[in-house]
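Contents: one structure, followed by commentary.
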Amino acid sequence: MPTSTPGSPVSGPLARFRNQIIPVLTGPPILAFLPAITLGAFWVGGEGALVFASLGLPLIFALGGAFGGWRGGDGVPRDSVTGLMLRDGFETVINQVFDQTDGSDLRSACFVLELDDYRELIDQHGQTAADTVMQRCGDRILAVLRSGDTVARLGDSRFAICLMAVRQLDLELCIQLSGRLQSAIEDPVSLDGMSVYMTCSVGFCLRSRISGATGQDWLTGATAALADAQRAGPSAIRAYSAEMGRRTQARSDLRDEAAAALENGQIQPWYQPQISTDTGKVTGFEALARWLHPIHGIIPPATFLPVMEKAGLTERLGQVMLYHSLTALKAWDNAGVVVPQIGVNFASDELRNPGLVDKVRWELDRFDLTPDRLAVEILETVVTNTPDDTITRNIAGLGALGCRIDLDDFGTGHASISAIRRFSVSRIKIDRSFVMKADRDPEQQRLIGAILSMAERLDLETLAEGVETVGEHALLAQLGCRHVQGYGIGRPMPFDQTLDWISAHQAKLQDAPVIGRETG
């Protein structure tokens, strides 16, 4: 490819010379050679040359500001591992290129790359090995780019690139460059005789696509494209678009509104009923968070729960959910309807709170409710992947308090029998992926049967989630699943609709036949 094309390769040795040798020759490190220079000057020019070399050279460096900028040779602070500039220097460059291309026929693009699974690399091989990988990746990026392009390290596993302004640059060229960058980074890295393979996600933003007023807006656009690529999976490439900008702004707005929504009552639990397969009676409700936004309407949990997590509001959300759930349980009691328990999901952030057990005990006492009325729902993945002693102690403490421990989404996290015993699990909730079309799929039936057999041997109750049809309901009852929950039973609903639903359900039970389990 011609050298004028963005991303034309520059040889590895040349890249290293440009970024490692030149700073030494033009910065204060050259002063390490001062004794040799002075001796040579004396030998060639006598005492006058000796005085000039020993006093003049340091003075020239001082006047030139080299001592203040010695970390990069150009006055720009550099990363100690890769030798690349850091965020402050990069933001200066990107602002310069942004202004240079404003209102002209020059074009540029900003790229943000991040290594996938970098944290796992550290866990498996250590920080020193991770630094080696980052150094190699930095060299490889430099080797792909031209000398006028700018590369920086923005974080532990993140690089940023600003292409020098050129007249010919379009989306296709940027995609091709992204592919070359990925290929360079994804070549194996040799560590202590073994090959380590890394992948990277790439987001980029053409200067012509950004509507902001500063280079920071441009970098933000490329970062948004990277986030979109990471959501698509490892080794993905995404270009910034106006629609992506609108989605990013919407998520940002939600983050800003999330805290206020928790406090002003926009986020509250909706309740999904759980019934017995033996009697058909209500055996409980699960509290599920819903955000009723005054402008956007009902925002699904899949949209706002990640926002809550990023905003650090997961624990506060849990407190709100627990308070409203116990309030509902007390209200059902006062209305004279029988709801034995309420299930509340506890996230990892809540379970890491050392004061969680005391907080739950206080809330139960406040509402004058016995602990067995609260089912603490914990994802199977939390039980499977939790080395955290605080989480372990809290789950055990809640069980010892008398709360029921429900293992949610069972079958997706590979929880061991020993883990089920260690956490005093009372009931397993069979994930909906096993329930779907189980009445027509013999393989699904065998999987459910195996889970139910294990639960029976361990003396655990069972509940199947995601029951949507009468056939699925009937099959689960025949196989011996004690409780069911899903759209086929009842959708999640606000509290003020639960009393009417319970009345209607009890009326249907008067004439409905009991679905019995197989015997023998």
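Side chains included, hydrogens not; waters and symmetry mates left out as well; all remaining heavy atoms used. We're numbering straight along the sequence, starting at 1.
- Thr128 and Asp131 share no side-chain donor-acceptor pair at under 3.5 Å.
- Side-chain contact check for Phe90 versus Leu219: some heavy-atom pair is nearer than 4.5 Å.
- In this structure, Tyr487 OH and Gln272 CD are separated by 7.0 Å, a value rounded to the nearest 0.5 Å.
- Here the side chains of Val320 and Ile267 are not in contact, with every heavy-atom distance at 4.5 Å or above.
- Between Val360 and Cys403, the shortest heavy-atom contact is CG1-SG, 4.3 Å.
- Of the N and O atoms on the side chains of Glu91 and Asn95, not one donor lies less than 3.5 Å from an acceptor on the other residue.
- Between Phe98 and Trp218, the angle of the ring planes lies from 30° to 60°, which puts this pair in the tilted group.
- With values rounded to the nearest 0.5 angstrom, Gln96 atom CD is found 8.5 Å from Gln100 atom CD.
- Atoms CD1 and CG, on Ile428 and Leu463 in that order, are 10.0 Å from each other to the nearest 0.5 Å.
- Ion pair Lys429/Asp406 not flagged as a salt bridge, since none of the NZ, NE, NH1 or NH2 atoms sits closer than 4.0 Å to an Asp/Glu carboxylate oxygen.
- The backbone N or O of Met198 lies less than 3.5 Å from no partner atom in the side chain of Asp116, so there is not a single donor-acceptor pair.
- Using modelled atom types, one finds a donor on one side chain and an acceptor on the other under 3.5 Å when comparing Glu114 with Ser157.
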After noting the C-alpha distance and the side-chain angles of Asp156 and Arg119, does the key distance pass the salt bridge (Lys or Arg N to Asp or Glu O under 4.0 Å) rule? CA-CA 9 Å; Asp156 287 345; Arg119 192 53 48 190; 3.6 Å; yes

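- The shortest distance between side-chain heavy atoms of Ile94 and Gln216 does not fall below 4.5 Å.
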Working for salt bridge (Lys or Arg N to Asp or Glu O under 4.0 Å), residues Arg352 and Glu315: CA-CA 9 Å; Arg352 291 191 184 97; Glu315 190 171 355; over 6 Å; no

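- Remark: the backbone N or O of Thr82 is paired with a side-chain donor or acceptor of Asp79 at under 3.5 angstrom.
- When only modelled atom types and interatomic distance are considered, Asn345 and Glu286 share a side-chain donor-acceptor pair under 3.5 Å.
- For the atom pair CD1 (Ile210) and OG1 (Thr220), the distance works out to 7.5 Å, reported to the nearest 0.5 Å.
- In this structure, the side chain of Arg209 engages the main chain of Tyr240 through a donor-acceptor pair within 3.5 Å.
- Proximity of a side-chain donor or acceptor of Glu186 to a complementary backbone N or O of Ser183 within less than 3.5 Å is not detected.
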